[in-house]
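Below is one structure, written out as structure tokens, with a few remarks after it.
We name chains A, B, ... by the order of the sequence lines, and we start the count at 1 in each one.
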Number of protein chains: 2
Amino acid sequence: MSHSPDPPGTRQAQKLRTRQALMSASLELLEQQSLSSLGLREVTRAVGISPAGFYRHFCGIPDLGVALVEETLGSLRALTAAILAETGDTERRIARTVELIARHVAEQPAYFRFLVRERTGGVAPVRRAIATQLDLFSEELTEVLAAETELRGWQPEDLRMLAGMYVDQMVMTAAALLEAGPDATEETARITRATRRRLRLINVGSAHWLDEGQPSSA
Amino acid sequence: MSHSPDPPGTRQAQKLRTRQALMSASLELLEQQSLSSLGLREVTRAVGISPAGFYRHFCGIPDLGVALVEETLGSLRALTAAILAETGDTERRIARTVELIARHVAEQPAYFRFLVRERTGGVAPVRRAIATQLDLFSEELTEVLAAETELRGWQPEDLRMLAGMYVDQMVMTAAALLEAGPDATEETARITRATRRRLRLINVGSAHWLDEGQPSSA
DNA sequence: GTAGTCAGTGAACAGTCGTACGCTGAAACC
DNA sequence: GGTTTCAGCGTACGACTGTTCACTGACTAC
């Protein structure tokens, strides 16, 4: 029997699979607690490997946390890319943006919950990793905004400020939606409505920023 | 010796003092971790009482957390009262508001760190308690805004939205200042500058809200 | 085919954890 | 005065924690 001697790369593939299992199991456990209280044994038990096996993949829970940040990045990238691809008039873009946030949060609640919770959590390296990523998105958004015709003539620092407000608004909306839970349709509607209103206010503010927003005119 | 038989109420006073010690010790320990990983023994050890003694004051760590929320309220009340008492033109009020936030956070970092961290932390009752309090502040602020002459003619829901933005902006600023640390004067200046800019944008937005902010005009 | 690599094991380590029990001694009460 | 109350103690319990070590056995490379 010329059975192929197991597909090549079986070794490394299996290792990756276990690593992935550790991460997604952690993500599940983290829905009800925070990273600083997550136990190493708790994770390995959920995956079905021995505690010692954990160290073949991570040198500790904080390390796993940082890895989770990087994985979570995927969800965030997909969301922001979808938002930035949005076209149409302002009101339509606001509606679609909020819609997109709500859908992504509903589809991948664990990722967003992790980000929102550990952004201010008790594990410094994870906090830093999340902050770095959000800053990165903010910078990307700044560049996109710089190309916007409505924002012609804006100072770079003002553009950064505006981008930061959008990013923070996204995070806060995600946090509120998660807190409401998946079945609270009425509360969810309330949150998305409030977010649309906020984005509208920010847009009105930017429309008149150059008229009276700069302190130099004082 | 007609020594007074100890001031009356010694018993209750001592109990209160121990309770207070438990709470402030917890607050200190929480600067480096989150509530869901805070150990009961860890707290009693810091205070110098036996683990069993803890139960004379709280029925568990989550209970202590909720009590901490109520205590923390004092700091928040002082801050918001100071902000609301501010007068003068818009730009001056913005500057003073941000100044006040920075000072309060610098003077009572532990309280604000606790609020910011546990607002999205892993302990549901504490999360709810903080959300309730922040909602309360938001409502109070809504009523104050309703009396503002510049906001005459605003819909109640729009006022609530604006108040919510201010509150969230406060929380986010506090979070950023805490993350920077007390000695990062340059970073602190950067943060306060950015916050002033944001508040300015919100103000410009509200100044033109009635002109074009309402979706009914579409 | 044979030697080497290495993901995962299983046992043991010294701690820590939350909780329960009955006790003590001082404050509070009548 | 005597009696009651009760904050805090000491001890003990079983369960759980992170980390280490030498090990096995399936995969890989030559």
Problem set entry | Presence of B:Tyr55 side-chain N/O under 4.0 Å of C:dA20 phosphate oxygens OP1/OP2 |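 So the side chain of B:Tyr55 is outside the cut-off, no N or O lying under 4.0 Å from OP1 or OP2 of C:dA20.
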For this session: Look at the side-chain N and O atoms of B:Gln14 and state whether any lies under 4.0 Å from the OP1 or OP2 oxygen of D:dG8.
Result: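 Yes.
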Counting heavy atoms from C-beta on, name the nucleotide in [options] closest to the side chain of [X].
| X | options | result |
| --- | --- | --- |
| B:Arg45 | C:dC17, D:dT28, C:dA28 | C:dC17 |
| B:Arg56 | C:dA28, C:dT16, D:dG8 | D:dG8 |
| A:Ala52 | D:dT20, D:dT28, C:dT19 | D:dT20 |
| A:His57 | C:dC21, D:dT19, C:dG8 | C:dG8 |
| B:Thr18 | D:dT17, C:dG18, D:dG8 | D:dG8 |

Exercise. Want to settle it: does A:Ile49 or B:Gln12 sit nearer the 5' end of DNA chain C, counting the closest nucleotide to each?
Worked result: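 With A:Ile49 and B:Gln12 compared, the 5'-side residue is A:Ile49.
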Exercise. Taking A:Ser37 for the side chain and A:Gln33 for the main chain, is one N or O donor matched with an acceptor at less than 3.5 Å?
Worked result: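 It does not hold such a pair.
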If I take atom [atom1] in residue [X] and atom [atom2] in nucleotide [N], what distance separates them, rounded to the nearest angstrom?
| X | N | atom1 | atom2 | result |
| --- | --- | --- | --- | --- |
| B:Asp63 | C:dT19 | CG | C1' | 16 Å |
| B:Leu29 | C:dC17 | CG | P | 11 Å |
| A:Phe58 | C:dA7 | CZ | P | 13 Å |
| A:Ile61 | D:dG18 | CD1 | P | 7 Å |
| B:Leu16 | D:dG8 | CG | C1' | 16 Å |
| B:Leu64 | C:dT19 | CG | P | 13 Å |
| B:Glu42 | C:dT19 | CD | C1' | 17 Å |
| A:Lys15 | C:dT5 | NZ | P | 15 Å |

Under-4.0 Å salt bridge between [X] and [Y]:
| X | Y | value |
| --- | --- | --- |
| B:Arg193 | A:Glu157 | yes |
| B:Glu187 | B:Arg190 | yes |
| B:Glu42 | B:Arg45 | no |

For this session: Please tell me if the side chains of A:Arg117 and A:Leu30 come closer than 4.5 Å, counting only heavy atoms from C-beta onward.
Result: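 They are not in side-chain contact.
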For this session: With heavy atoms under 4.0 Å as the rule, sort B:Arg17 into base, sugar-phosphate or nothing.
Result: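 Nothing, no heavy atom under 4.0 Å.
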Exercise. Counting any heavy atom closer than 4.0 Å, what does A:Arg19 reach on the DNA or RNA strands: base, sugar-phosphate only, or nothing?
Worked result: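 Contact class for A:Arg19: none.
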For this session: Ignoring hydrogens and angles, answer whether the base of C:dC6 and the side-chain atoms of A:Arg11 contain a donor-acceptor pair closer than 3.5 Å.
Result: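 Yes, a donor-acceptor pair under 3.5 Å.
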